[in-house]
Amino acid sequence: MQSSTISYLTILALTSQVLFLPSHANLCTNIDDFNNYNASHTYSMPALRINGTKRDDEGFNIVEDPDSSWYIASRLKVSRVVDDGSMNNLWLNTGSSNTTNMGMCEESTSSYELGEYKFSKEVLERSVNDNGDCKTMLGEECVEALRVHYTESAIYAMRKGQCPSGSDWNITVPQQCRGLVGGGEHWLGGMSAIDKGISLNATLQQQLYNESNCDTSLNASMHSAGGLGGSYNQSIRFPQPTFLTFWPNRTDMSRYLSSWDDDVYVKIVCLRPDEVTEGSVVPPSGQELLDRPDAKFNKNTTQGPSNPSDGVVENVCGKKF
Ligand SMILES: *[C@@H]1O[C@H](CO)[C@@H](O)[C@H](O)[C@H]1NC(C)=O
Ligand SMILES: *[C@@H]1O[C@H](CO)[C@@H](O)[C@H](O)[C@H]1NC(C)=O
Ligand SMILES: *[C@@H]1O[C@H](CO)[C@@H](O)[C@H](O)[C@H]1NC(C)=O
Ligand SMILES: *[C@@H]1O[C@H](CO)[C@@H](O)[C@H](O)[C@H]1NC(C)=O
Ligand SMILES: *[C@@H]1O[C@H](CO)[C@@H](O)[C@H](O)[C@H]1NC(C)=O
Ligand SMILES: *[C@@H]1O[C@H](CO)[C@@H](O)[C@H](O)[C@H]1NC(C)=O
Ligand SMILES: *[C@@H]1O[C@H](CO)[C@@H](O)[C@H](O)[C@H]1NC(C)=O
Ligand SMILES: *[C@@H]1O[C@H](CO)[C@@H](O)[C@H](O)[C@H]1NC(C)=O
Ligand SMILES: *[C@@H]1O[C@H](CO)[C@@H](O)[C@H](O)[C@H]1NC(C)=O
Ligand SMILES: *[C@@H]1O[C@H](CO)[C@@H](O)[C@H](O)[C@H]1NC(C)=O
């Protein structure tokens with residue numbers, strides 16, 4: 001778990017470096033990942049904007065823009081960078097929104113890694129019916145607890161002007177989700193993140209794409225958010241729970257008075273690029289993969305909570321272990 005989490009961090013760091021220190025070759029590869037892929041799925045979310053214009057003002061907060069939508073695209077491509085075959089890249093299309101001074105952080109966990117499933121068979125069986133909001137896969141209580149958890153994380157980023165890095169990331173799983181991880185404190189599939197996060201500063205992105213000279217162009221409102229490596233078959237069939245936070249990049253936190261919770265925005269999305277492009281290999285169904293005699297499940301997925309009287313059993317997101 002540890003080593004593959006580190007390698008994912010490395011891959012993401014490379015990708016985000018492409019955004020900030022572009023070389024023509026890297027940027028073109030990046031754009032190619034958007035245009036050429038083997039499987040995909042696109043999810044919509046409310047468009048966001050910053051309410052207010054002064055960066056040092058407490059009214060400088062993130063609000064939904066009811067008139068438009070943003071799109072999160074999960075695009076999977078066969079890759080030799082990782083041993084077992086694919087990268088699931090996340091792209092965010094912010095349309096015509098003004099994203100100047102808006103920051104975004106991203107964390108993801110895997111459902112399958114290094115030859116074994118990181119959730120129980122029952123959780124993965126229901127995960128194929130998840131519509132992207134993670135509620136079917138992880139359960140409503142767990143998703144609500146994650147929303148609270150990531151609101152804290154977004155506030156932390158807002159106060160620092162950047163995403164947590166290294167040991168600053170809080171990778172503890174909320175109590176309400178512990179039944180999914182055998183009562184442990186961490187996701188069994190590890191937690192991966194882009195160190196220092198992503199600036200959604202549209203102008204910055206547009207300038208980078210303008211400076212590049214690739215065959216294909218990319219709409220300036222597209223933001224690359226890195227990718228998670230994994231096995232081709234399983235990455236197409238099982239969701240990758242992903243936690244996105246959006247926050248206003250203020251300058252002066254000291255004057256700030258009202259409720260921070262309302263100033264940031266959390267989007268929880270279970271990415272499952274299940275729409276296979278024409279000509280690409282169609283993997284076996286999720287059920288077929290899970291029913292294979294050689295399917296391996298992390299041993300902790302079937303373990304009960306360490307202390308059955310601590311209330312975890314009642315809160316295990318619809319599943320009793
Ligand atoms: C975009 O928002 C920023 C504040 O975040 C503001 O200063 C700027 O004027 C806005 N740009 C446009 C084109 O509205
Ligand atoms: C936008 O900011 C103004 C002034 O700070 C505030 O009165 C208003 O409620 C805010 N709107 C939203 C949707 O938060
Ligand atoms: C990018 O696409 C969005 C809609 O998806 C559109 O509103 C915007 O104008 C486009 N931007 C550019 C620079 O083409
Ligand atoms: C880390 O997250 C857990 C679960 O949400 C929470 O209980 C804990 O208080 C957080 N720790 C810090 C230092 O914020
Ligand atoms: C936030 O603003 C600071 C400068 O005030 C800048 O250094 C930092 O990169 C910005 N963060 C993002 C995510 O845009
Ligand atoms: C974000 O964009 C604004 C407006 O173009 C610019 O003044 C600012 O320096 C940018 N911030 C970062 C962190 O790049
Ligand atoms: C990027 O290119 C477009 C079209 O060529 C141009 O309108 C825009 O001003 C350029 N933006 C930057 C930041 O260079
Ligand atoms: C994916 O499924 C195909 C078709 O069933 C199979 O041939 C292949 O070995 C599988 N790949 C992996 C990495 O499990
Ligand atoms: C993935 O897509 C490429 C074209 O983009 C195709 O050449 C390749 O055969 C596909 N791989 C699989 C495993 O379907
Ligand atoms: C699995 O459970 C054992 C025993 O409770 C524990 O020592 C180990 O750290 C757990 N592994 C993971 C990946 O959580």
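The chain is numbered in sequence order, starting from 1. Ligands are counted one by one from 1 in listed order, and the atoms in each one are counted from 1 as well. Just the heavy atoms: all of them, side chains too, but no hydrogens, waters or symmetry mates, feed the values below.
At least one heavy atom of Arg55 sits closer than 4.0 Å to an atom of ligand 5. Taking a 4.0 Å cut-off on heavy atoms, Pro284 registers as neighbouring ligand 8.
Taking the six-membered ring for Trp and the full ring otherwise, Phe243 and Tyr150 have centroids separated by under 6.0 Å.
Set against the non-hydrogen atoms of Asn170, the atoms of ligand 4 under 4.0 Å away are 1 (C), 2 (O), 3 (C), 8 (C), 10 (C), 11 (N), 12 (C), 14 (O). Using a 4.0 Å cut-off to heavy atoms of Asn233, the atoms of ligand 8 that qualify are 1 (C), 2 (O), 3 (C), 8 (C), 10 (C), 11 (N), 12 (C), 14 (O). Ligand-side atoms of ligand 5 in range of Trp247: 13 (C), range being under 4.0 angstrom from any heavy atom. Residue Asn249 has at least one heavy-atom neighbour below 4.0 Å for each of these atoms of ligand 5: 1 (C), 2 (O), 3 (C), 8 (C), 10 (C), 11 (N), 12 (C), 14 (O).
Note that Arg75 lies in the cation-pi zone of Phe34, set by a 6.0 Å cut-off to the ring centre and a 45° limit from the axis.
No N or O atom of Gln234 sits closer than 3.5 Å to an N or O atom of ligand 8. For the pair Met102 and ligand 5, the shortest N or O to N or O distance does not fall below 3.5 Å.
Val143 and Val148 fall into different hydrophobic clusters, defined by Ile, Leu, Val, Met, Phe, Trp and Tyr side-chain heavy atoms under 4.5 Å apart, directly or through other members.
By the 4.5 Å heavy-atom criterion applied to side chains, Thr109 and Ser192 are not counted as neighbours.
In terms of protein heavy-atom proximity, atom 5 (O) of ligand 4 is closest to His149 ND1, 2.6 Å.
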